[in-house]
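In what follows, a single structure is set out as structure tokens and then discussed.
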Protein chains: 2
Amino acid sequence: MTETIRLPKSAPSGIQRIADMLRLLEGTLPIQRRIVRTGDSVYQAGQAFGCLYVVNSGFFKMVNLSDEGREQVVGLHFKGDWLGLDGIAAGHYGCDAVAMDTGEVWAIRYDALLKAALGAPALLTALHEAMSRELVRDHDSLLSLCTLPADARVAGFLRYWADALAQRGLRTDQITLHMTRAEIGNYLGMTLESVSRGLSRLARCDVIHFIEKGRRDIRIPKVEALTSFIQHLMAPMEAAALH
Amino acid sequence: MTETIRLPKSAPSGIQRIADMLRLLEGTLPIQRRIVRTGDSVYQAGQAFGCLYVVNSGFFKMVNLSDEGREQVVGLHFKGDWLGLDGIAAGHYGCDAVAMDTGEVWAIRYDALLKAALGAPALLTALHEAMSRELVRDHDSLLSLCTLPADARVAGFLRYWADALAQRGLRTDQITLHMTRAEIGNYLGMTLESVSRGLSRLARCDVIHFIEKGRRDIRIPKVEALTSFIQHLMAPMEAAALH
DNA sequence: CGTTCATTTGAGAAACCTCAAGATTGGTGG
DNA sequence: CCACCAATCTTGAGGTTTCTCAAATGAACG
């Protein structure tokens, strides 16, 4: 039995999995590379679905727009993530995919992907895992939104961001949020002022530090401290739950 | 060009699509039928992933549980929906799938599905569309949660429920919520008291009516009235948005 | 017919939002 | 290099929504 060492099963360190997937895509599919700059849309809500996009570099926000004009950031995506998955069923994209930085996406025709998948099942696995991970992420977002107070959601956001970087082999002790307070607030279901207050409180508690000149750069000495900060905030609520 | 009649492409009336899919599954895959009763779990969070489940009857809630014990209903599922999709990537299910009524699910081994899909691409389409629809639904939930006040979320919930029934060819003028106020509140990110107040207000405005004896049965004379009720609640906020 | 659970409703408290004023930053042009 | 502008961010004070707590009502079950 090869049960002794089974890490590779579902966690080849993240960075390895992403690199493998990108190589697989390059090797088996016709890919259209596309450079985007901050603010560019990869696609827009309502546009006819045809391609999926895989992030090669940069990062992206998904913006859902209601009929009445309400806007909601429903997801953030980094290297190795797939964009446009919500367009498969409806036949058109459900959100705007907006670049938050200069980056590169690989456009993959969905019909070509399906055809190629018959000969290379690993492609299917990659696609399914991408969709499944996004579902898990959405569920976690919902959990945070509904069960955590504002300050804890801010801490959770930083932890999410740090985890995303860590999975991709990047440093997490010093991160740059390429989002305004307003964008973060929209994503977290609160106002930009609440985000600002939350970050200030985190800094006051020494959980994070602002790097001088510019409050977009944040130092996180210990990522675990974010988790214990959240639990610290929840402690009074647990007490209340016991009647 | 066959552009004149292209409704069948992505909208074969819902009920037809679901019936076709169930027939397809029956015809091409080994299926394990399983009857569940109210409160039964189809699977639980953390359990090793192996099967996907398709709802044949009844309906189900997906409950996400955090490490610290916070609970969150992250989805509701009806006939034709797939359960367990969030387990594909992680190798274990992410939520508890709990029956809200007596029902039947069809267990399908994921590996068998992948194998069969090579010979019957329609299976792949069905799976992908199910995942894609769930992503769209999650994004819409997030939008409602973050941008609508409590009463509007309650109205939106009823509209969602009515739409789900309509897609399955069921009557929508009279619906029975098999959920407690507490469960609805959890799903909508509010307390059970707020749900109760929201429903009372909807009844006071004649948007809904309680059918005598038991407040689980609701009459919705006009589903469109729910939409205009939401817009009515948002009107003051739009005015504020213009500074 | 009593017990239990779900629901409704009210009153006060708390979290968060709104509004407003200053502070900081980055970019632009003199 | 410096001054200025626009955009972003911070912080405070007060208002509003929603939550919490409590009590009463209604329905379901044995």
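In what follows, chains carry the letters A, B, and so on, assigned in the order in which the sequence lines appear, proteins first and then strands, with residues in each chain numbered from 1.
- Within the 4.5 Å cutoff, the side chain of B:His139 has heavy atoms near those of the A:Asp138 side chain.
- For DNA chain D, none of the residues of residues 147-157 of chain A falls under the heavy-atom distance limit of 4.0 Å.
- For A:Glu193, there are no salt bridge (charged side-chain N to carboxylate O under 4.0 Å, His left out) partners two or more places apart in sequence or in a different chain.
- Applying the side-chain hydrogen bond (donor to acceptor under 3.5 Å, both in side chains) criterion to B:Asp217, with sequence neighbours excluded, gives B:Thr176.
- Atom NE2 in B:His178 sits about 18 Å away from atom C1' in C:dC5, given to the nearest Å.
- With sequence neighbours excluded, the residues that form a side-chain hydrogen bond (donor to acceptor under 3.5 Å, both in side chains) with B:Asp81 are B:His77, B:Arg168.
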Step by step, would you call B:Glu68 with B:Arg70 a salt bridge (Lys or Arg N to Asp or Glu O under 4.0 Å)?
CA-CA 6 Å; B:Glu68 305 93 21; B:Arg70 290 172 286 130; 2.6 Å; yes

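- As judged by a 4.0 angstrom heavy-atom cut-off over every strand, B:Gly189 is placed among residues touching the sugar-phosphate backbone only.
- Contact annotation: A:Arg216 does not reach the phosphate of C:dG26 (side-chain N/O to OP1 or OP2, under 4.0 Å).
- Residues satisfying the side-chain hydrogen bond (donor to acceptor under 3.5 Å, both in side chains) criterion with A:Gln167, sequence neighbours excluded, are absent altogether.
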Check residues 46-58 of chain B and write down every donor-acceptor pair under 3.5 Å in which the side-chain atom is one partner and the other belongs to a residue at least two apart or another chain.
from	atom 1	to	atom 2	distance (Å)
B:Gln47	OE1	B:Gln44	N	3.1
B:Ser57	OG	B:Glu104	N	3.1

Distance-only donor-acceptor pairs under 3.5 Å for side chains of residues 152-160 of chain A, two or more places apart:
from	atom 1	to	atom 2	distance (Å)
A:Arg153	NE	A:Leu188	O	2.8
A:Arg153	NH1	A:Leu148	O	2.7
A:Arg153	NH2	A:Leu188	O	3.2
A:Arg153	NH2	A:Gly189	O	3.2
A:Arg159	NH1	A:Thr227	OG1	3.0
A:Tyr160	OH	A:Leu76	O	3.3

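- Direction of the helix axis in the helix from C:dC1-D:dG30 to C:dG30-D:dC1 shifts by 40° between the two five-pair termini, rounded to 10°.
- Listed pair A:Thr191 / C:dC17 meets the phosphate criterion, a side-chain N or O lying under 4.0 Å from OP1 or OP2.
- At whole-Å resolution of the value, CE in A:Met190 and C1' in C:dT18 are 16 Å apart.
- Following rounding to the nearest Å, A:Glu183 (CD) and D:dA7 (C1') show an atom-to-atom distance of 13 Å.
- The distance from atom CD1 of A:Ile211 to atom C1' of C:dT24 is 17 Å, rounded to the nearest whole Å.
- In this structure, the side chains of A:Arg216 and A:Met179 stay at 4.5 Å or more apart for every pair of heavy atoms.
- At whole-Å resolution of the value, CG in B:Asn186 and C1' in D:dT18 are 16 Å apart.
- Between the CZ atom of B:Arg201 and the P atom of C:dG10 there is a distance of 10 Å, given to the nearest Å.
- Distances shorter than 4.0 Å separate none of the side-chain N or O atoms of B:Arg181 from OP1 or OP2 on C:dA6.
- A straight line from CG of B:Leu188 to P of D:dC19 spans 11 Å, rounded to a whole angstrom.
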What are the atom names and distances for every N/O pair under 3.5 Å that joins the protein to nucleotides 11-14 of chain D?
from	atom 1	to	atom 2	distance (Å)
D:dT11	OP2	A:Ser200	OG	2.6
D:dG12	N7	A:Arg197	NH1	2.8
D:dG12	O6	A:Arg197	NH2	3.2

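- Residues that satisfy the ring-ring contact (aromatic ring centres under 6.0 Å, His included) test with B:His178, not counting sequence neighbours, are B:Phe59.
- OP1 or OP2 of D:dG26 has not a single side-chain nitrogen or oxygen of B:Arg215 nearer than 4.0 Å.
- Partners of B:Thr38 by side-chain hydrogen bond (donor to acceptor under 3.5 Å, both in side chains), not counting sequence neighbours: none found.
- Regarding A:Leu145, its CG atom lies at a distance of 15 Å from the P atom of D:dT18, rounded to whole Å.
- Residue pairs that meet the ring-ring contact (aromatic ring centres under 6.0 Å, His included) test with at least one member in residues 191-234 of chain B, sequence neighbours left out, do not exist here.
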